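Presented below is the structure to which this report refers.
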Amino acid sequence: NMRTPNVLGATRGGTTIALNKDERQVDADGRRTNIRGFQRVDMVSPELSTTLIEVNDLDTLRLALGSTTVDTLTNFYKVRPNLLPVNTDYFANITLFATINGARDPLGRQVPIAVVYEWARANQVSDIPLKDKNEMEMPIKIVAHALPSNSFQIPMYVLLPKTTFGYYA
């Protein structure tokens with residue numbers, strides 16, 4: 001279900017990825033330690049947090065607003081926030097392309113990594129401060145969502161290149 005990703009644009013302050021996996025041990029009479037196999041997952045909520053400093057297309061604005069209705073006018077798009085999300089508010093995938101800090105291939109190049117968030121949208125809309133003589137800063141927290149038909153698969157994965165030219169350190 002991969003599609004060509006849209007470029008979100010420049011960011012400020014880096015990007016944070018979080019799996020947000022809440023586990024617990026099943027309570028059993030007499031249990032005084034963690035027991036292998038007794039773990040249960042209560043919730044997984046993969047998130048990507050960053051601050052965009054440019055909004056260069058309609059999709060980026062729709063993503064930042066979380067839930068929208070878009071009307072096409074003669075020379076403009078009219079983008080209205082919605083109360084509730086609809087299917088078109090979920091982006092099939094949003095991918096963070098980065099490099100692994102300190103890792104180099106045998107030719108000295110940085111090792112790339114891609115973190116893919118499936119059916120992603122912003123669940124919470126942040127304030128967008130506008131300042132004179134400065135770029136707009138749009139904090140955004142993108143959350144991956146599972147499909148109802150596959151609700152036990154975590155809607156996020158990492159792509160790491162195979163070691164075709166030797167071992168990565």
Side-chain angles (χ1 to χ4, degrees), residues 1-23 34 36 39 41-68 70 77 79 85 87-147 149-169:
N1 291 346
M2 295 290 284
R3 68 175 181 89
T4 305
N6 292 337
V7 175
L8 289 179
T11 62
R12 177 173 289 145
T15 301
T16 301
I17 60 174
L19 184 57
N20 295 324
K21 183 178 176 185
D22 293 330
E23 288 188 10
N34 289 326
R36 189 173 107 183
Q39 283 85 0
V41 176
D42 284 336
M43 183 63 172
V44 179
S45 182
E47 295 177 347
L48 179 148
S49 300
T50 193
T51 300
L52 299 174
I53 58 172
E54 61 185 8
V55 176
N56 53 10
D57 63 34
L58 176 64
D59 282 344
T60 303
L61 179 61
R62 286 182 49 241
L63 177 67
L65 293 176
S67 300
T68 59
V70 178
Y77 291 110
V79 182
N87 284 338
T88 56
D89 292 324
Y90 295 88
F91 289 75
N93 72 66
I94 292 179
T95 306
L96 169 69
F97 295 98
T99 55
I100 300 172
N101 191 26
R104 301 271 179 190
D105 71 11
L107 300 176
R109 298 174 298 201
Q110 290 184 308
V111 178
I113 188 172
V115 183
V116 181
Y117 290 78
E118 298 174 312
W119 303 110
R121 65 177 290 272
N123 284 357
Q124 295 179 336
V125 178
S126 299
D127 292 343
I128 303 171
L130 302 172
K131 301 173 190 170
D132 289 342
K133 299 181 184 178
N134 202 351
E135 296 85 11
M136 173 190 68
E137 292 184 355
M138 184 185 306
I140 188 167
K141 185 179 288 185
I142 297 166
V143 181
H145 295 77
L147 293 174
S149 61
N150 200 4
S151 61
F152 287 97
Q153 181 174 346
I154 296 174
M156 171 245 176
Y157 57 92
V158 178
L159 297 172
L160 187 67
K162 292 182 180 178
T163 55
T164 55
F165 300 106
Y167 294 102
Y168 291 127

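Small disclaimer: the values here were computed from a predicted structure and weren't measured. Note that these values count all heavy atoms, side chains included, but never hydrogens, waters or copies made by symmetry.
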What pair of heavy atoms forms the shortest contact from T50 to G14, and how long is it? OG1-O, 3.2 Å
Non-hydrogen atoms of S151 and A146 that approach each other most closely: CA-CB, 4.0 Å
Please report the interatomic distance NZ(K141) to OG1(T51), rounded to the nearest 0.5 Å. 11.0 Å
Any idea which heavy atoms bring P85 and S67 closest together, and the distance? CA-OG, 3.3 Å
Look up atom OG1 in T68 and atom CG in D89, then write down how far apart they are to the nearest 0.5 Å. 5.0 Å
If I take atom OG from residue S45 and atom NZ from residue K21, how far apart are they, to the nearest 0.5 angstrom? 13.5 Å
To the nearest 0.5 Å, how far apart are CG in L52 and OG1 in T60? 7.0 Å
Search all heavy atoms of M156 against all heavy atoms of E118 and return the closest pair with its distance. N-OE1, 4.2 Å
Minimum heavy-atom separation for V111 to P161, with atom names? CG1-CG, 4.0 Å
Quick one: closest heavy-atom pair of V70 and Y77, and the distance? CG1-CD2, 4.0 Å
Nearest 0.5 Å please: distance from the OH atom of Y117 over to the OG1 atom of T95. 10.5 Å
From L96 atom CG to L48 atom CG, the distance as rounded to the nearest 0.5 Å: 5.5 Å
Does any N or O in the side chain of R121 come within less than 3.5 Å of the main-chain N or O of H145, such that one atom is a donor and the other an acceptor? no
Please tell me if the side chains of I154 and L19 come closer than 4.5 Å, counting only heavy atoms from C-beta onward. yes
Worked check of side-chain contact (heavy atoms from CB on, under 4.5 Å) between N20 and M43: CA-CA 8 Å; N20 295 324; M43 183 63 172; over 6 Å; no
For a 4.5 angstrom cut-off between non-hydrogen side-chain atoms, does R62 reach T88? yes
